[in-house]
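One structure is given here, and the rest of the page talks about it.
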Amino acid sequence: QKEVEQDPGPLSVPEGAIVSLNCTYSNSAFQYFMWYRQYSRKGPELLMYTYSSGNKEDGRFTAQVDKSSKYISLFIRDSQPSDSATYLCAMTLGGYQKVTFGTGTKLQVIP
Amino acid sequence: EAGVTQFPSHSVIEKGQTVTLRCDPISGHDNLYWYRRVMGKEIKFLLHFVKESKQDESGMPNNRFLAERTGGTYSTLKVQPAELEDSGVYFCASSQDWVSEQYFGPGTRLTVT
């Protein structure tokens, strides 16, 4: 069983839609949860970072962590064509060391 | 400020050959990480340097892989001899310290034929 499960998609939505991306994980020791965005032929770029359970909002992006269910989500409001990318959930046992990634979900926002 | 750079961007080699990948971290970043993504799989951690010392090399797949960071600046990852299953994208990341964000390079796409 993979440590982190993420639906690879692809996910195609119209511009302006609300996007929901999700991951589940098996290791209850994970404490730090991240979402990365990766454009084609580029490296992952940190989008959101949360510690333990709860919500965090940054502009059009909201990250949610539910440690009791081992479930994390990323919501994108008013999605834009520029949001088209692969979104990777990730987590660590402490800080940013040794990041464990999901496989990534490819998102396409249609104008 | 320049980001993390990796060279080459793409390498095609035959099985049994040797390849050396290079990573130049952001200036002043003591922490350097190597990750790998093989086809259809998730990005996986390989190892972590703090300056020139290997802090964690638990993700290195086998002894055909050798990572070095002489002088605590750039790092190299050598694969010798390369096997077909080594094909994938190798990412390097750097951070100022272990609690800071890791900045990723664009990756080196390795194809072993």
Side-chain angles (χ1 to χ4, degrees), chain A residues 1-10 21-27 29-52 56 58 61 63 70 72 74 85-106, chain B residues 2-11 21 23-26 29-50 53-60 67 88-111:
Chain A
Q1 183 189 6
K2 286 181 183 177
E3 282 193 284
V4 181
E5 296 280 355
Q6 183 175 12
D7 186 339
L21 304 167
N22 311 291
C23 287
T24 58
Y25 63 94
S26 57
N27 188 349
F30 285 128
Q31 295 289 335
Y32 294 80
F33 303 90
M34 291 154 277
W35 285 94
Y36 285 83
R37 179 175 60 194
Q38 186 178 16
Y39 292 112
S40 182
R41 304 288 177 176
K42 302 286 187 182
E45 171 193 20
L46 184 66
L47 197 59
M48 298 284 286
Y49 169 81
T50 55
Y51 169 71
S52 200
K56 184 174 183 179
D58 184 1
F61 299 89
K70 299 192 186 70
I72 69 171
L74 177 71
T86 295
Y87 289 80
L88 303 147
C89 64
M91 45 206 77
T92 68
L93 300 175
Y96 285 95
Q97 282 187 316
K98 192 175 179 179
V99 180
T100 300
F101 286 92
T103 51
T105 299
K106 188 169 184 178
Chain B
V4 176
T5 56
Q6 294 187 244
F7 183 83
S9 57
H10 192 187
S11 179
L21 314 181
C23 168
D24 284 78
I26 293 171
H29 281 193
D30 288 338
N31 291 259
L32 188 148
Y33 307 80
W34 283 98
Y35 293 84
R36 174 175 78 166
R37 182 172 193 152
V38 297
M39 181 77 77
K41 303 273 191 176
E42 67 274 19
I43 297 172
K44 281 198 168 181
F45 169 85
L46 295 178
L47 88 160
H48 171 205
F49 282 101
V50 178
S53 299
K54 291 175 185 174
Q55 182 77 11
D56 181 355
E57 51 183 329
S58 61
M60 293 290 265
V89 183
Y90 290 75
F91 292 102
C92 175
S94 72
S95 68
Q96 198 159 22
D97 51 58
W98 74 274
V99 294
S100 298
E101 176 185 352
Q102 294 179 26
Y103 293 87
F104 282 78
T108 292
R109 185 172 299 271
L110 174 64
T111 303

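Quick note on labels: first sequence line is chain A, next is B, and so on, each numbered from 1. These values consider heavy atoms only, across backbone and side chains, with no hydrogens, waters or symmetry-generated copies.
With a 4.5 Å cut-off on side-chain heavy atoms, Gln97(A) and Tyr33(B) count as touching. Annotation: side chain of Asp56(B) is in contact with side chain of Lys98(A) (closest heavy-atom distance under 4.5 Å). With contacts defined as side-chain heavy-atom distances shorter than 4.5 Å, the pair Lys44(B)/Val99(A) does not qualify. Looking only at side-chain heavy atoms (C-beta outward), Tyr35(B) and Phe101(A) come within less than 4.5 Å of each other. Contact annotation: the side chain of Arg109(B) approaches that of Arg41(A) to within less than 4.5 Å [non-hydrogen atoms, C-beta and beyond].
Contact count versus chain B (heavy atoms, under 4.5 Å) is highest, among Ala90(A), Pro44(A), Pro8(A), Gly102(A), for Pro44(A).
With sequence neighbours left out, Pro8(B) forms a side chain to side chain contact (heavy atoms under 4.5 Å, CB included) with Ser11(B), Leu21(B), Thr108(B). For the side chain to side chain contact (heavy atoms under 4.5 Å, CB included) test, residues two or more places apart in sequence or in another chain that qualify with Ala67(B) are Leu47(B), Phe49(B), Met60(B), Leu77(B).
Within 6.0 Å of the CD atom in Glu5(A), the count of heavy atoms belonging to other residues, nucleotides or ligands exceeds 12. The neighbour count for Lys42(A) NZ, taken as heavy atoms of other residues, nucleotides or ligands under 6.0 Å away, does not exceed 12. In the displayed structure, Tyr39(A) atom OH is contacted under 6.0 Å by more than 12 heavy atoms of other residues, nucleotides or ligands. Crowding of Phe30(A) atom CZ: a count of heavy atoms from other residues, nucleotides or ligands under 6.0 Å exceeding 12. Atom NZ of Lys41(B) is surrounded by 12 or fewer heavy atoms from other residues, nucleotides or ligands within 6.0 Å.
Distance check: Thr103(A) OG1 to Glu42(B) CD gives 7.0 Å after rounding to the nearest 0.5 Å. Taken from OG1 in Thr92(A) to CD in Gln102(B), the straight-line distance is 8.5 Å, to the nearest 0.5 Å.
Heavy atoms of Ser58(B) lying under 4.5 Å from chain A belong exclusively to its side chain. When heavy atoms are compared at a cutoff of 4.5 Å, Gln38(A) approaches chain B solely by way of its side chain, counted from C-beta outward.
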